[in-house]
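What follows is a set of notes on a single structure, which appears directly below.
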Amino acid sequence: GAAVVPGKPEKSHILARVAPKDGKRRMPPDGPGLSEQQIADLTTWIRDGAEWPPVRLPSELGKAKPEY
């Protein structure tokens, strides 16, 4: 399934991977996991639609370069 399902934290697999109670499959595998507050913030973000700011690329990017 999808890592993030906007509006549906219960269907977003990322939450199962970062939850500290799942020791074997928890991400990151080494070091401290996310705090309860970080998991709550992630859950809220997903529930609220998982909006991400659009990426702005320079206008010249992707334009053909003249050959000499």
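Nothing fancy with the numbering, it's 1 onward along the sequence.
- A distance of 10.5 Å separates CZ of R47 from CG of L42, quoted to the nearest 0.5 Å.
- Nearest heavy atoms, G33 versus R26: CA-NH1, 3.0 Å.
- With rounding to the nearest 0.5 angstrom, the CG atom of L34 is 12.5 Å from the CZ atom of R17.
- Note on W45: it clusters hydrophobically with I14, by side-chain heavy-atom contacts below 4.5 Å among ILVMFWY residues.
- Between I39 atom CD1 and T44 atom OG1 the span is 12.0 Å, to the nearest 0.5 Å.
- Taking the side-chain contact (heavy atoms from CB on, under 4.5 Å) definition, one finds that P58 meets it with E60, L61, sequence neighbours left out.
- When hydrophobic clusters are built by joining Ile, Leu, Val, Met, Phe, Trp and Tyr residues whose side-chain heavy atoms come closer than 4.5 Å, directly or via intermediates, V4 is grouped together with L15.
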